[in-house]
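Structure first, then comments.
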Amino acid sequence: MNKALGPEGQTLKLTSEQLGDAGEDLFRSLATLGQLIANPSDRDKKGWDFFVQPNRPTAQACESLDQRSEWSCHVQLKTTAERKAKSVQVKLSTLESFAKLPGPSLLIVFRTHPDGRPKRGYIIPIIGEQLRRVLLRLRRAQAKGDYDLAKETLSFDYKSKGQAFELTPNGLREAVETSLGGDYGEYVVEKQRQLRELGYEEAELVGQVAFRVEREDQLARMWLGLDPIKTSGIRVFDARFGILIPYCGSLFSDLEDVYVTPPSVGVWRVAMKGTNALEEAAVFDVELHVAPPTLGAPHSLLKHDDFTIIFDDEGLKFETQNVYAGSKRTLDGWCRLMRGLAHLAGGRGTLSIMPGSGEVHQFPVTDRLSGPDVDDLPKLRDFLEGWQKLVGLAGTTASAPFTIDEAKASLDAQMAVGLLLDPNPPGYLEFDIEGQEEQDQLTTLYFNGCAFAGAEISFCARVFLKRMVAGGSTFRSRGFELVDIRPKVGDLKEYGRDRAEAEGITIVLDPEFIERV
């Protein structure tokens, strides 16, 4: 661009409007020569001046047409001829729509001489820190009730925050492409995430709750999440950037009870042990929560998904939660919990608690546990741990969650555990063998299959039978010996016959002809 001369050879100084027009002409010219398509917008109506796309294919030739994608961006252009200026002002009304566009928003500043001759270009992507500044100003304006955003401006320091580039066709194109990075799709996803999440790092919603205190320990129990806050009034605020604005949704319209999630101050290890030193303990990593001293007792809480340990002025209290209320756990989870509860059920167990410091504290449990099915805890533990062992022996996995009621109803799996693992099983098999059988003791093969907790197995076992009465035809099992166990087979009868032949056993007990009584 040549220097513009006025009367008597004086350099012309363009007005701000003329400077803006010259900047737009320069942008269109550089974009065209730099193989960019710059579609203009009506100024101050859509929040952007140009919609920019590449004017040359960037997709690989091997890409199919339905998978090709090109980058695009919106540009807000500012032109300044101020000698000492380091920043430009943008109306907040412009930024409201410009910054929140789903794709890239680029603020481009042309620095020129007073007569419009180009000096330098700067580009500032409105993402990250700059997007946070825009959203924060919009939040502050809303909090003040100031909706005339055209009167508010936001300053952008283009020299320190922008990336400088030469005002040439190549300089403009390279600056735009560099600001978008190598993965346009990733850029768009990240900007949309920031539009949703910036300012909500501390909290998304904040509530004010009114309630009545009726007991001495109520505040501490509510703080620890043990008791609900029964609200007499609740106000909820959107808390972006810590600036509270009334929440207008219906999420809390039917809310009556509020539970506090207490802050965690560390993780302690809890072991539930029984009186038999050779029995495996049940070990849990449990979060510790502490109530402020001013709230009184209880003072602290060890909270696990399956139980809580409360510390108050009287000592320690152990409570289980939702064990029999239809809650589902995996086999591993149930085995550990049932083992621990069985250790404590009779009032002779021990809670071993190890804080983060590593020092172990032992607390004897002298009271029997109260609640449903306490007397059945050892049996439930034995069955679940037995099934876990059979699943492991079969080489399969049991990953499906289940309830205790479903465990109690799994009679086939219970029978398999009892027959194959219990040296003195409570059940037995009994048969009437007709004919001229002279032996009083027989070795037979029993085969069957069962499923529980997402695991399906097939097995064979030797069954040792003994004649009940001399001369009689009734034989009863006196022991079982596991021969084979594996994941479910396709043909159970064929599997049983093959194993009997391999073991040299001629009497096969087909489960189809066995009735459970």
Distance-only check: which donor-acceptor pairs under 3.5 Å involve side-chain atoms of residues 392-399, not counting sequence neighbours?
none

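- Using cut-offs of 30° and 60° for the angle between ring planes, the His304 and Phe284 rings count as perpendicular.
- Looking only at side-chain heavy atoms (C-beta outward), Leu316 and Ile353 come within less than 4.5 Å of each other.
- Under the salt bridge (Lys or Arg N to Asp or Glu O under 4.0 Å) criterion, Arg221 pairs with Asp227, not counting sequence neighbours.
- Without hydrogens or angle criteria, Arg133 side chain to Ser155 main chain gives a donor-acceptor distance under 3.5 Å.
- Across all their heavy atoms, Leu331 and Leu384 have their closest contact at CD1-O, 3.7 Å.
- Atom CD of Gln163 is surrounded by 12 or fewer heavy atoms from other residues, nucleotides or ligands within 6.0 Å.
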* Would you please test Trp71 and Val176 for side-chain contact (heavy atoms from CB on, under 4.5 Å) and show each step? => CA-CA 10 Å; Trp71 62 261; Val176 170; 3.7 Å; yes
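- The salt bridge (Lys or Arg N to Asp or Glu O under 4.0 Å) check on Asp312 picks up Lys317, with sequence neighbours excluded.
- To the nearest 0.5 angstrom, Leu226 atom CG is 6.0 Å from Thr308 atom OG1.
- Residues Leu167 and Arg111 share a closest heavy-atom pair of CD1-O, 4.1 Å.
- To the nearest 0.5 Å, the span separating NZ on Lys389 from SG on Cys335 amounts to 13.0 Å.
- With sequence neighbours left out, Thr178 forms a side chain to side chain donor-acceptor pair (under 3.5 Å) with no residue at all.
- Shown here are the ring-ring contact (aromatic ring centres under 6.0 Å, His included) partners of Phe156, two or more places apart in sequence or in another chain: there are none.
- Annotation for Lys273: atom NZ does not count as buried by contact number, only 12 or fewer foreign heavy atoms lying within 6.0 Å.
- For Glu385, the side chain to side chain donor-acceptor pair (under 3.5 Å) test picks out Arg339, with sequence neighbours left out.
- Note that the OG atom of Ser105 and the CD1 atom of Ile124 stand 13.0 Å from one another [nearest 0.5 Å].
- Judged as a side chain to side chain donor-acceptor pair (under 3.5 Å), and not counting sequence neighbours, the contacts of Arg269 are Asp285.
- For Phe51, the ring-ring contact (aromatic ring centres under 6.0 Å, His included) partners at least two apart in sequence or on another chain are His74.
- No option in Leu224, Ile309, Val290 other than Val290 meets the side-chain contact (heavy atoms from CB on, under 4.5 Å) test with Ser300.
- Between Leu135 atom CG and Leu195 atom CG the span is 6.0 Å, to the nearest 0.5 Å.
- At most 12 non-hydrogen atoms from other residues, nucleotides or ligands lie less than 6.0 angstrom from CD of Glu202.
- Qualifying salt bridge (Lys or Arg N to Asp or Glu O under 4.0 Å) partners for Lys119, counting only residues two or more places apart in sequence or in other chains: none.
- Salt bridge absent: Glu204 and Arg240 never bring a charged side-chain N and a carboxylate O closer than 4.0 Å.
- Here the closest heavy-atom approach between residue Ala143 and residue Ile245 is recorded as N-CD1, 4.3 Å.
- The shortest heavy-atom contact between Trp387 and Ala451 is CZ2-C, 4.2 Å.
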* Run the ring-ring contact (aromatic ring centres under 6.0 Å, His included) check on Phe27 and Phe50 step by step: do they pass? -> CA-CA 9 Å; Phe27 185 89; Phe50 293 97; 4.6 Å; yes
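- Residues Trp223 and Val260 approach most closely at O-CG1, 3.6 Å, considering heavy atoms.
- Qualifying side chain to side chain donor-acceptor pair (under 3.5 Å) partners for His361, counting only residues two or more places apart in sequence or in other chains: none.
- The shortest heavy-atom contact between Phe110 and Leu30 is CZ-CD1, 4.2 Å.
- In this structure, the ring of Phe307 has its center less than 6.0 angstrom from the ring center of Phe318.
- Contacts of Asp491 classified as salt bridge (Lys or Arg N to Asp or Glu O under 4.0 Å), with partners at least two apart in sequence or in another chain: none.
- Looking at heavy atoms from C-beta onward, Ile123 lies out of side-chain contact with Leu107 at the 4.5 angstrom threshold.
- How far CZ of Arg336 is from CD of Glu280: 10.5 Å, rounded to the nearest 0.5 Å.
- Residue pairs meeting the salt bridge (charged side-chain N to carboxylate O under 4.0 Å, His left out) criterion with at least one member in residues 178-188: none, sequence neighbours excluded.
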